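Read through the structure below, which is laid out as structure tokens, and then see the notes.
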Amino acid sequence: MKPYSAHNHLPIAGIITLTIGSIILGSVWGALAYIISNLFYLLVVFPLIIGGIGAIAYQRLLFFCKVRHTWLMALIGFATGLLIAAVFYASSYFWVRHNFMADFQKEYGTDALTASETLDTFLTLETGSSGLWGFMKLRATEGDHYTNYLVINSLPVSEFSFTLKSTWAWIYWGVEALLFALPLGWIGFEGGKMDFNHSANDWYSSLPKQIGSASLDSKEEILARLRASDLLAVSEMLMQEGDIPHPALEIYEQHSKNNQGDILLSVKQTQRVSSSKVKRTTVSQWEITQAEYAQFSEAVKRRWNLSGS
């Protein structure tokens, strides 16, 4: 057995897959967010929901790529969230551009290039910029209109309306972009520091199983036995879950998701915060082989059988 060390895991194939997957995720989800916003939009709440759902998808992508690095995962997640925001705003621009060009060509019988140049000329004259940037500046000048609704007798009733213009529009868009991005950055940070099983090339299960507990007075002895790789002695010191009141020591096991490689043992110290809440702090973590685990598990079972007879 050996002490567990939370090394980063940065496979080239995984990083490439994560990068491409994040670009696809940001692009597709940003476009879908724009479509959904035309059907349902709540100020502040909508971007937070979109960011939360995007975070769930990003977490699954992160686990699939098997890349472990706290700050890199947080950075890529945050960038993916900003991409969602960028595509969300760009979708509005391209939709308006598409409709303008279609109407312009139909009314004046011109080609697509002329219609496109006409729109850019108009944006430049109005805002000093063309393209998406000019469109966003024009939106800020004209303002975005928002309406708050109450549901009365199962029917939406308009409560009040307001318009965000100029600086306030830019401030809200900045907040909106952050609400798109922060959930993905947070899930990247949390997911990127999860325990990884290098021997199995897979993540450890996120749901550890408690093996047993011991008196807090035996803390130093248990840690010394673990440092000496004396798992049999540790098994003799364990009691079944719930037999010892808090504060106590608890030992947990975690297998890799593919059930291969080493098994992770975690020693946690408990502290009762309230009558219904117990705080657990990880004291040490050890990786043991399948063979060592089999012997340890069998010794613990024998102890349970003896104590129950």
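Computed from a prediction, not measured in an experiment: that's the story for all the values here.
At a threshold of 4.5 Å between side-chain heavy atoms, the hydrophobic network of Ile, Leu, Val, Met, Phe, Trp and Tyr places W186 and V67 in one connected group. L48 is connected to L164 through a chain of hydrophobic side-chain contacts under 4.5 Å among Ile, Leu, Val, Met, Phe, Trp and Tyr, so both are in one cluster. Criterion: ILVMFWY side-chain heavy atoms under 4.5 Å apart, direct or through other members. Under it, L138 and L119 are part of a common hydrophobic cluster. Linking ILVMFWY residues whenever their side-chain heavy atoms come closer than 4.5 Å, directly or via other members, leaves L182 and V87 in distinct clusters. Criterion: ILVMFWY side-chain heavy atoms under 4.5 Å apart, direct or through other members. Under it, V28 and I36 are part of a common hydrophobic cluster.
Ring-plane geometry between Y204 and Y4 is classed as perpendicular, the angle between the planes exceeding 60 degrees on a 0 to 90 degree scale with a lower cut at 30. Relative ring orientation between F196 and H9 is described as parallel, the plane-to-plane angle staying below 30° on a 0-90° scale split at 30° and 60°. Ring-plane geometry between F46 and F88 is classed as tilted, the angle between the planes lying from 30 to 60 degrees on a 0 to 90 degree scale.
Proximity of a side-chain donor or acceptor of S218 to a complementary backbone N or O of E221 within less than 3.5 Å is not detected. The backbone N or O of M194 lies less than 3.5 Å from a partner atom in the side chain of R68, making a donor-acceptor pair. Put simply, the side chain of D202 gets close to the backbone of N258: a donor and an acceptor are under 3.5 Å apart. When atom types are taken as modelled, the side chain of Y172 and the backbone of V44 share a donor-acceptor pair closer than 3.5 angstrom. Under the 3.5 Å distance criterion, the side-chain polar atoms of S205 are left unmatched by any main-chain donor or acceptor of K257. K66 places no side-chain N or O within donor-acceptor distance of the main-chain N or O of W203, the cut-off being under 3.5 Å. For the pair E253 (side chain) and P208 (backbone), a donor-acceptor distance under 3.5 Å is absent. The backbone N or O of T124 lies less than 3.5 Å from no partner atom in the side chain of T127, so there is not a single donor-acceptor pair. Proximity of a side-chain donor or acceptor of E190 to a complementary backbone N or O of I187 within less than 3.5 Å is not detected. Although no hydrogens or angles enter the test, the distance criterion places no donor-acceptor pair under 3.5 Å between the side chain of S129 and the main chain of W133.
Residues D144 and W173 form a side-chain contact, since some pair of their non-hydrogen atoms from C-beta on lies under 4.5 Å apart. Side chains of Y293 and E287 form no contact here, defined as non-hydrogen atoms less than 4.5 Å apart. L231 places none of its side-chain heavy atoms less than 4.5 Å from the side chain of Q295. No side-chain heavy atom of K279 sits under 4.5 Å from any side-chain heavy atom of T270. With a 4.5 Å cut-off on side-chain heavy atoms, M73 and I76 count as touching. Residues L184 and I84 are in side-chain contact: their nearest non-hydrogen atoms beyond the backbone lie under 4.5 Å apart. For the pair V267 and L226, the minimum side-chain heavy-atom distance is below 4.5 Å. The shortest side-chain heavy-atom distance between I211 and L265 falls under the 4.5 Å cut-off.
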Item to complete: Quick one: do R97 and D120 satisfy side chain to side chain contact (heavy atoms under 4.5 Å, CB included)? Show the steps, please.
Response: CA-CA 10 Å; R97 185 183 185 87; D120 284 335; 3.4 Å; yes
Discussion item. Does Q254 form a side chain to side chain contact (heavy atoms under 4.5 Å, CB included) with D195? I'd like the steps, not just the answer.
Written reply: CA-CA 9 Å; Q254 285 171 268; D195 297 323; 3.9 Å; yes
Discussion item. Please evaluate residues I251 and L238 with respect to the criterion side chain to side chain contact (heavy atoms under 4.5 Å, CB included), reporting the C-alpha separation (whole Å), side-chain torsions for both, the decisive distance (0.1 Å), and the verdict.
Written reply: CA-CA 9 Å; I251 296 184; L238 295 182; 3.7 Å; yes
Practice prompt. Before giving the answer on side chain to side chain contact (heavy atoms under 4.5 Å, CB included), spell out for L223 and R227 the whole-Å C-alpha distance, their side-chain angles and the decisive distance to 0.1 Å.
Written response: CA-CA 6 Å; L223 294 179; R227 286 191 290 268; 3.7 Å; yes
Practice prompt. Decide side-chain hydrogen bond (donor to acceptor under 3.5 Å, both in side chains) for W286 and S284; before the verdict, give the C-alpha distance in whole Å, the side-chain angles of both, and the deciding distance to 0.1 Å.
Written response: CA-CA 7 Å; W286 301 80; S284 67; 3.2 Å; yes
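Shown are W95, Y93, F100; of these, the ring-ring contact (aromatic ring centres under 6.0 Å, His included) with F135 is made only by Y93. Residue C65 is tested with I16, L18, I15, I20 for a side chain to side chain contact (heavy atoms under 4.5 Å, CB included); the sole match is L18.
Taking both residues in full, the closest heavy atoms of S266 and Q285 are given as OG-NE2, 3.0 Å, listed atom of the first, atom of the second, then distance. In terms of heavy atoms, L178 sits closest to P183 at O-CD, 4.2 Å. Annotation for L61 and T17: closest pair CD1-O, 4.5 Å, computed over non-hydrogen atoms. Here the closest non-hydrogen pair linking K165 and T141 is CE-O, 3.2 Å. What you find for L249 and K219 is that their closest heavy atoms are CD1-CA, 3.2 Å. Considering all non-hydrogen atoms of both residues, Q105 and A115 come closest at CG-CB, 4.0 Å.
Heavy-atom neighbours of I12 CD1 from other residues, nucleotides or ligands within 6.0 Å: at or below the threshold of 12. Under a cut-off of 6.0 angstrom, the local environment of NE2 in H7 is sparse, with at most 12 non-hydrogen atoms contributed by other residues, nucleotides or ligands. Atom CZ of F40 has more than 12 heavy atoms from other residues, nucleotides or ligands within 6.0 Å. Summarising the local packing, CZ of F64 is surrounded by 12 or fewer heavy atoms from other residues, nucleotides or ligands at distances under 6.0 Å. Taking a 6.0 Å sphere around OH of Y89, one finds it holds more than 12 heavy atoms contributed by other residues, nucleotides or ligands.
Using a 4.0 Å cut-off between charged side-chain N and carboxylate O, E250 and R280 make a salt bridge. Look at E142 and R139 and you find no salt bridge, because none of the NZ, NE, NH1 or NH2 atoms lies under 4.0 Å from a carboxylate O.
Residues satisfying the ring-ring contact (aromatic ring centres under 6.0 Å, His included) test with F296, not counting sequence neighbours, are none.
To the nearest 0.5 Å, atoms OG (S213) and CD1 (I244) are separated by 4.0 Å.
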